[in-house]
Amino acid sequence: MKILFVCSQNRCASILSEAIANYADDPRLQAASVASEMITEVDPMSLQYLQESGIPTTDLKSKSWDELQSFHPDVVVSVGEDKQASYPQWLANSIKLHWGLDDPSAKQGTAEQIKASLLYCLNDIICRTHQILDLDLDNLTPVALKQEFLKLGAHG
């Protein structure tokens, strides 16, 4: 199953999601992430905490729609606040879902509060990824796959 994680700037939550899903190293799951509005630099703290968790960050970068036209995802998951992103036509046949993840890179507060927010988001994505991998991905129809994602807390 191919999954595309989308957020407005592709700098934190979507990058974390891509990295964690690919780090699961399960041949049934391939992930990418994209910016729905504007490309920015990846949040340095996201990279730091991924690395500290042992998750590779080598190829992580903010990407545009154009860079992923050859990536044909089964599922598109918006991870930020904007669950009504405008998707390009080449994603018309993909299942569209939303995870309401808070963007830790947008948090204000002390360094400890920001770190806690980022680690909470990281752990949430790890849990969701494990739940996805517990599904019978090889045998689910698109309709059944969407229903399973909805059971896992995604929103259609």
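Quick note: numbers below take in every heavy atom, side chains included, and nothing from hydrogens, waters or symmetry partners.
- Residues meeting the side chain to side chain contact (heavy atoms under 4.5 Å, CB included) test with Leu47, sequence neighbours left out: Val42, Thr57, Leu60.
- Summarising the geometry, atom CG belonging to Leu4 is positioned 10.0 Å from atom NZ belonging to Lys96; distances are rounded to the nearest 0.5 Å.
- You'll find the side chain of Asn22 stays beyond 4.5 Å of the side chain of Ile55, heavy atoms only.
- Checked against side chain to side chain contact (heavy atoms under 4.5 Å, CB included), Leu133 has the following partners two or more places apart in sequence or in another chain: Ala24, Asp26, Arg28, Leu29, Thr129, Leu137.
- Summarising the geometry of Asp74 relative to Met1, their closest heavy-atom pair is OD2-CA, 3.2 Å, with the distance given to 0.1 Å.
- In terms of heavy-atom proximity, Val76 sits nearest to Ser94 at CG2-CB, 3.6 Å.
- In this structure, the separation between CG on Asp103 and OG on Ser8 is 7.0 Å, given to the nearest 0.5 Å.
- Atom CD1 of residue Ile15 and atom CD of residue Glu41 lie 11.5 Å apart, to the nearest 0.5 angstrom.
- To the nearest 0.5 Å, atoms CD (Glu148) and CG (Asp134) are separated by 11.0 Å.
- A donor-acceptor pair is defined here as one N or O able to donate and one able to accept, closer than 3.5 Å; no such pair exists between the side chain of Asn10 and the backbone of Ile39.
- Ser17 meets the side chain to side chain donor-acceptor pair (under 3.5 Å) test with no other residue; sequence neighbours excluded.
- Residues forming a side chain to side chain contact (heavy atoms under 4.5 Å, CB included) with Gln30 (at least two apart in sequence, or on another chain): Lys2, Phe71.
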When you look at Tyr87 and Val6, which way does the side-chain contact (heavy atoms from CB on, under 4.5 Å) test go after all the steps? CA-CA 10 Å; Tyr87 296 116; Val6 180; 4.1 Å; yes
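- Although no hydrogens or angles enter the test, the distance criterion places no donor-acceptor pair under 3.5 Å between the side chain of Ser14 and the main chain of Val79.
- A search for side chain to side chain donor-acceptor pair (under 3.5 Å) contacts involving Gln69 returns Asp66, not counting sequence neighbours.
- More than 12 heavy atoms of other shown residues, nucleotides or ligands fall within 6.0 angstrom of atom CG in Asp138.
- In this structure, the side chains of Glu37 and Gln9 stay at 4.5 Å or more apart for every pair of heavy atoms.
- Residue Leu150 holds its CG atom at 9.0 Å from CD1 of Ile95, rounded to the nearest 0.5 Å.
- Residues satisfying the side chain to side chain contact (heavy atoms under 4.5 Å, CB included) test with Pro88, not counting sequence neighbours, are Trp65, Trp90, Leu91.
- Contacts of Phe149 classified as ring pair (Phe, Tyr, Trp, His ring centres under 6.0 Å), with partners at least two apart in sequence or in another chain: none.
- With sequence neighbours excluded, the residues forming a side chain to side chain donor-acceptor pair (under 3.5 Å) with Asp136 are Asn139, listed by chain and number.
- With sequence neighbours excluded, no residue satisfies side chain to side chain donor-acceptor pair (under 3.5 Å) with Thr40.
- Residues forming a salt bridge (Lys or Arg N to Asp or Glu O under 4.0 Å) with Lys61 (at least two apart in sequence, or on another chain): Glu67.
- At a threshold of 4.5 Å between non-hydrogen side-chain atoms, the residues Lys63 and Ser33 count as touching.
- Applying the salt bridge (charged side-chain N to carboxylate O under 4.0 Å, His left out) definition to pairs two or more places apart or across chains, those involving residues 43-53 are Arg11-Asp43.
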Can you list, pair by pair, the side-chain donor-acceptor contacts under 3.5 Å of residues 114-128, counting residues two or more places apart and other chains?
residue: Asp124; atom: OD1; partner: Arg128; partner atom: NE; Å: 3.0

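- A donor-acceptor pair under 3.5 Å is formed between the side chain of His98 and the backbone N or O of Ser78.
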